[in-house]
Structure formats: structure tokens, C-alpha cells
Protein chains: 2
Amino acid sequence: MNPWETSLTLIDQAETYSCVMPDEPRWLTDHERDAWLALAKLMFNLPSALDAQLLRDNHLTLFDYFVLSGLSMAPGRTMRLSDLASHLSCSLSRLSNVVKRLEQRGLLRRAPDPESPRYTVATLTDAGWELVVAAAPGHVAAVRQYVIDGLTASQIDVLREVACHVAQQISEAPEASPRPR
Amino acid sequence: MNPWETSLTLIDQAETYSCVMPDEPRWLTDHERDAWLALAKLMFNLPSALDAQLLRDNHLTLFDYFVLSGLSMAPGRTMRLSDLASHLSCSLSRLSNVVKRLEQRGLLRRAPDPESPRYTVATLTDAGWELVVAAAPGHVAAVRQYVIDGLTASQIDVLREVACHVAQQISEAPEASPRPR
DNA sequence: GTCAGATTGTTCAAGCTTGAACCCCTGGGA
DNA sequence: TCCCAGGGGTTCAAGCTTGAACAATCTGAC
């Protein structure tokens, strides 16, 4: 029935194995589990749905769109890569790769920051600007279709509260320190 | 300030370009945009945060965990791949690749379905079962930390409503038909 | 009975992401 | 002045996902 009940209902069985657990964990209640499974499903499917629309109509991934859109709003349509990366909460490595591809397509240009040569700035070209302007209506329509339309104002309000809460929890979490395998 | 304001606030500028638009789109209100940007940030960061915990502690991706967990709850710890794929809303291609890797690690076994040779079933091994049981507490703790704890019961309720709504909208959307570039 | 078409699952190439290694530049001691 | 620690950015290899192509099996219509 629910495609994501896979995630945690294992718990009922796992409880019989409490011998192997360090401390008895605080399992999710049914109420909490339903919400989490629904959110998990959203988390997996919404990005690909939005990607699909942008790829089909504008040959852009959602992340490409965020990069171009971020530049389009910056003064002079220009930003340092490090600022853009923290703006987008992504690694500099990922941004560098994406920016290189977008530059090859003529949508932006890279240049050393004239104010300090150790930075690199990216500037949206006219072609890049026109592409974002052309892509925006379809993207907004998809966001409305999948997310916004059909919700009440108060649901939208709670959605914002919850999403901000999650974002904050993640940003405050101790940095995940990978353990050698 | 808000790392994802990049997404749609372009709109204010794009409106001055209405000449290039087919019909005047219904832009998002500030209220809607705040909620969408917060959700977008969640959508990008929550999967990697949960991945990081599972990879660090159990050398599993979140998707691996869902696959193993799905099997662990099925009768006989066995499911057809096509059922599992629709259960997880993923492509058969992706599932086939993941299952092959999990089989190589000894966490599950593949076999032709005895009831109908055109299906393939996957069965969790004891090692796979033990890994899921060992991984569950840490995973649940991460879900609590990032999502559930700190929300009120009514916020959790609305979260479920909203996420179900989005999931439904996506599943009802006309299948994205890729356009040749 | 047979053929067209749908379904199941695998594989392959192409593209993207990640993390580590690396280089360059800067700034701050000693 | 010299050294070095740290931040910014790129690159590379490894791993994962996607979509198309393919093989095998089943279904249904004629």
C-alpha cells in the first residue's frame, strides 16, 4: 500500500532483537512514521519530477537552473564561486564541474575576481539570462502543480516552518566524519 | 540570507520580459515562495545527511537501506524485483544495479520466481537481515534528529498531509516525455 | 496456432557527484 | 624575509543513475 512503509516498520521485528542494540532506541510512533514515510517519498520523487520538466523543456537540470538563477539575481549578474557554493549549500567541487559545463554551453563566463585574484567569479551571459527567463514560467508552473496548488494558506505556512526546522537541524549537526571502510 | 532564494525571485525581473512568454504565468506569492525555497533546501540536503549517517555507520546508502528494509518486511523476506521497484517508486534499471551490488556483498540472493519463471525474486540473507537490524537504530535516530524531534503533533500531521499531496500530484502527472535535443 | 505487443529484467554507455589530491594565492607569525 | 597554515578552485578516479537497447517471457486478438 504505502510504498515507503519499507523504511522503518522493520522496527516491530527489530525490537525482538534488543539484545544486539546498545541502548533501546526511541522508535517512531505510527503517527511519526506515516509523516516520515510520506516525506521520504517526496524527497525521492520531487527532484526527479522537477528535473524532468526542466530537462524536457529547457535542457537544464534543477541544479543548473539554481546556479543560473542565483547569478541572474546577483549585482552585475556576477558572483564568486565560493559565495555561490555556500548560497546553494553545495560542495565547491560540484559547483566547479557544473560551472565548467555551463561555460562550455556559453551560458556564463568565468574570470579571476578583479578585486582579489585568488577568487574566481562567474558572470551570466546574455544567452544565460535569456535561458533563465525562458525557463522560469515552466518551472514555476511545475512547482505550483506538484507542491503549491491545492494546499491551504495554513498548510503552506506549516510546510515552511517544518522545512526551515529540518534545514536548521541539518546545518547544526556535527559534520559527518566519514569512517574508513 | 536564504540560500535558496535563488530559485524564483528571478521572477520579479522576468516579469519585465513578458513579451517572450506565451501566457502570463502565475508567479508565486512571497508566502508561497518562502515555503517552496525552504522545501527545496530540505529536498537537496536531507538525503545527503541521511546518506552520510548510514554510509559512515553501516556502509549503506539510504536507497540500499530501503531495499534491504523492504525485503526484511516481506513474507519470507522475499519479493519480486518488479514489485519492489514499484514499492520504492524507482526504475527497474536502478533497482537491478543496486540488487546486483547487494548480492555481491552477500546481503541478498536473486533467483527465478518458482511460480513464474519470467519474474526474479530477491531474498534477504541472514547477513542482510542482521545488517538491517544493526543499522535501524542509528537511522531512526538520524530521522528523529533531523526531522521529527522538535515538531509538534499538529506540525507532524500537516507534514504528512502535505507530503502525501505532493506524492499524489507527482504520480498523477502525465508521464514526462523527453523531447529530443 | 501465430504474431504483435506488453512486461520483466539485464546491460551498456554517457553523464553526474563525491572525495581526495593537488596547486595557487594570501596572511600571519618567527 | 621566510615559512607555513588555511582558503579557493580544479582535476581525477571511483561510484551511482539514467535511458536506450536488448533478450526472454507472457497475453491477447485474429
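We name chains A, B, ... by the order of the sequence lines, and we start the count at 1 in each one.
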Can you measure [X] atom [atom1] to [N] atom [atom2] for me and round it to whole angstrom units?
X	N	atom1	atom2	result
Met79(B)	dT8(C)	CE	P	13 Å
Leu55(A)	dG15(C)	CG	P	13 Å
Leu54(B)	dC16(D)	CG	C1'	16 Å
Leu62(B)	dT17(D)	CG	C1'	15 Å
Arg94(A)	dT17(D)	CZ	P	14 Å
Asn97(A)	dT10(D)	CG	C1'	8 Å
Phe63(A)	dG15(C)	CZ	C1'	15 Å
Leu60(B)	dC16(D)	CG	P	11 Å

Any N/O donor-acceptor pair, Ser91(A) side-chain to dT17(C) base, under 3.5 Å: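 By the distance-only test, no, there is no pair.
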Closest-nucleotide 5' rank along DNA chain C - winner of Ser116(A) and Asp64(A):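 Looking at DNA chain C, the more 5' nearest nucleotide goes with Asp64(A).
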Under the rule for side-chain contact (heavy atoms from CB on, under 4.5 Å), what residues qualify as partners of [X], not counting sequence neighbours?
X	answer
Ala85(A)	Cys90(A), Leu92(A), Leu95(A)
Ala167(A)	Lys41(B)
Thr123(A)	Thr78(A)

Side chain to side chain donor-acceptor pair (under 3.5 Å) pairs, two or more places apart, involving residues 159-169 of chain B: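 Every side chain to side chain donor-acceptor pair (under 3.5 Å) pair that includes a residue of residues 159-169 of chain B, provided the two are not neighbours, is Gln155(A)-Glu161(B), Asp157(B)-Arg160(B), Gln168(B)-Glu172(B).
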Selection residues 99-108 of chain B - residue pairs positive for salt bridge (Lys or Arg N to Asp or Glu O under 4.0 Å), sequence neighbours left out: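 Non-adjacent pairs meeting salt bridge (Lys or Arg N to Asp or Glu O under 4.0 Å): Glu103(B)-Arg110(B).
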Salt bridge (Lys or Arg N to Asp or Glu O under 4.0 Å) contacts touching residues 135-147 of chain A (sequence neighbours left out):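 For residues 135-147 of chain A: Arg144(A)-Asp149(A), Arg144(A)-Glu32(B).
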4.5 Å side-chain heavy-atom contact, Leu159(B) and Val158(A):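 When only atoms from C-beta onward are counted, Val158(A) and Leu159(B) do not touch, as no gap falls below 4.5 Å.
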Residues in contact with DNA chain C, drawn from residues 98-109 of chain B - heavy-atom cutoff 4.0 Å: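 By residue number: Lys100(B).
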Residue Pro117(A), side-chain atoms from C-beta onward, closest of dC26(D), dT26(C), dT11(C):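 In terms of side-chain proximity for Pro117(A), the closest of dC26(D), dT26(C), dT11(C) is dT26(C).
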Would you tabulate the nitrogen or oxygen pairs shorter than 3.5 Å linking the protein to nucleotides 3-9 of chain D?
residue : atom : partner   : partner atom : Å
dG9(D)  : OP1  : Thr120(A) : N            : 2.5
dG9(D)  : OP1  : Thr120(A) : O            : 3.1
dG9(D)  : OP2  : Ser82(A)  : N            : 2.6
dG9(D)  : OP2  : Ser82(A)  : OG           : 2.9

Can you give each donor-acceptor pair under 3.5 Å made by side-chain atoms of residues 113-122 of chain A, sequence neighbours left out, with the distance rounded to 0.1 Å?
residue   : atom : partner   : partner atom : Å
Asp113(A) : OD1  : Glu115(A) : N            : 2.8
Asp113(A) : OD2  : Arg80(A)  : NE           : 2.7
Asp113(A) : OD2  : Arg80(A)  : NH2          : 3.0

Spatial distance of atom CG (Asp126(A)) from atom CG (Leu131(A)) [nearest 0.5 Å]: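 Taking CG in Asp126(A) and CG in Leu131(A), the distance rounds to 12.5 Å.
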